[in-house]
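Report on the structure given below.
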Amino acid sequence: MMLQGDKIVKQYNHKGGLINALDHVSFTVEKGDFVTVTGPSGSGKSTLLLSLFGLIRLSSGTVIFDGKRIDDVSDRHLTDIRKKSVGYILQHFALIPYLTTLQNVMMPLALEKIPGTEQLKRAAEILDYVGLSDRMQHLPRELSAGQQQRVAIARSIVHRPQIIMADEPTGNLDPTLSLEILEFLKKINRENKITIMMVTHSPVAAEYGTMKLHLNEGKIVNL
Ligand SMILES: Nc1ncnc2c1ncn2[C@@H]1O[C@H](COP(=O)(O)OP(=O)(O)OP(=O)(O)O)[C@@H](O)[C@H]1O
Ligand SMILES: [Mg+2]
């Protein structure tokens with residue numbers, strides 16, 4: 001198994017009260033799974049995605065990644081794991097508006113201090129793979145919504161992560177573009193054996209799951 005959560009609890013303090021966003025969530029993900037996370041608004045989907053690799057800290061429970069516990073390690077160690085092994089496509093983690101397509105995609109490599117020429121080569125390769133080699137010098141606002149989302153995907157895979165965490169990657173796209181993005185995620189999943197964990201509200205998108213997690217009020221429920 002590649003990623004395992006055991007009795008994960010996340011409580012938020014809010015105005016003197018406690019919100020149980022995740023309430024003893026347990027699951028196992030194998031390498032190469034395409035996991036879909038569904039459930040009503042407020043059921044804890046984004047919290048789950050953000051907490052597994054420490055973007056937010058759990059209240060209790062354990063997370064095992066690649067055979068090692070990662071819920072109790074330092075922030076610095078978690079940052080290293082994220083930079084090396086995790087790709088994020090998050091709702092509020094938009095492209096950087098003043099950087100070109102190419103520069104946006106190079107960013108995760110720059111953070112890993114990979115040499116500039118190597119950054120360029122790998123970013124250009126990935127942009128070719130997502131069909132955007134003719135848009136490398138465009139700014140995000142000069143791209144269509146679907147193209148921007150493909151840049152976001154390129155950025156999330158350029159450092160060759162083991163797992164991609166995607167929160168509503170097709171949320172703001174029309175049905176045709178959504179399918180295009182979903183097919184693309186499936187392709188990365190199949191060809192590169194990258195595990196995907198995708199939050200979605202869309203029944204069409206949820207069909208892509210080979211492993212399905214459904215949350216309700218912070219608990220896993222079987223549909
Ligand atoms: N920073 C926070 N402080 C306090 N409460 C929070 C915080 N973030 C989330 N919550 C609460 O935790 C619960 C789960 O939120 P979460 O964002 O995980 O839901 P979600 O399933 O992703 O919903 P949506 O489908 O609307 O995106 C909600 O009740 C929310 O109000
Ligand atoms: Mg959410």
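Atoms within each ligand, like the ligands themselves, are counted from 1 in listed order.
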Residue Glu30 excluded, over 12 heavy atoms near CD under 6.0 Å: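 For Glu30, atom CD is crowded (more than 12 foreign heavy atoms under 6.0 Å).
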Closest to atom 28 (C) of ligand 1 among Pro40, Ala21, Gly42 (heavy-atom distance):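 The nearest heavy atom belongs to Gly42.
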Nearest candidate to atom 22 (O) of ligand 1, where distance is taken over non-hydrogen atoms, out of Ser46, Gly171, Ser51: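 Shortest heavy-atom distance from atom 22 (O) of ligand 1: Ser46.
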With nothing but distance in play, are any N or O atoms of [X] less than 3.5 Å from an N or O of ligand 1?
X	result
Gly39	no
Ser43	yes
His14	no

Please check this pair: side chain of [X] against backbone of [Y], looking for a donor-acceptor N/O pair closer than 3.5 Å.
X	Y	result
Thr195	Gly32	yes
Arg122	Met106	no
Gln4	Ile64	no
Asn104	Leu99	yes

side-chain hydrogen bond (donor to acceptor under 3.5 Å, both in side chains) partners for Lys186, two or more places apart: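 Here no residue qualifies.
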Check [X] against [Y] and note the closest heavy-atom contact, atom names and distance.
X	Y	answer
Pro161	Ser85	CB-O, 3.3 Å
Pro40	Asn216	CG-OD1, 3.5 Å
Phe184	Ile153	CE2-CG2, 3.7 Å
Tyr88	Ser156	O-CB, 3.6 Å

Below 4.0 Å from any atom of ligand 1, is there a heavy atom belonging to [X]?
X	result
His201	yes
Gly44	yes
Gly218	no

What protein heavy atom sits nearest [atom], and how far off is it?
atom	answer
atom 25 (O) of ligand 1	Lys45 NZ, 2.6 Å
atom 9 (C) of ligand 1	Tyr12 CE1, 3.3 Å
atom 16 (P) of ligand 1	Thr47 OG1, 3.5 Å
atom 26 (O) of ligand 1	Ser41 OG, 2.6 Å

Atom 31 (O) of ligand 1 touched by protein (heavy atom, under 4.0 Å):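 False for atom 31 (O) of ligand 1.
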Neighbouring protein N, O or S atoms of the Mg ion (ligand 2) [cut-off: under 2.8 Å, no waters]: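 Metal shell, protein only: Ser46 OG.
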Point-to-point distance, once rounded to the nearest 0.5 Å, from CZ of Phe53 to CD1 of Ile163: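 Here the rounded value is 5.0 Å.
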Between Tyr208 and Thr200, a side-chain donor and acceptor under 3.5 Å: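 The answer is no; no qualifying pair exists.
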Ligand 1 versus Ile19: contacting region, heavy-atom distance under 4.0 Å: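 Near ligand 1, Ile19 shows its side chain, while the N, CA, C and O stay back.
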From Val37, Val35, Leu52, residue fulfilling side chain to side chain contact (heavy atoms under 4.5 Å, CB included) relative to Phe27: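 Result: among Val37, Val35, Leu52, Leu52 is the only option passing the side chain to side chain contact (heavy atoms under 4.5 Å, CB included) with Phe27.
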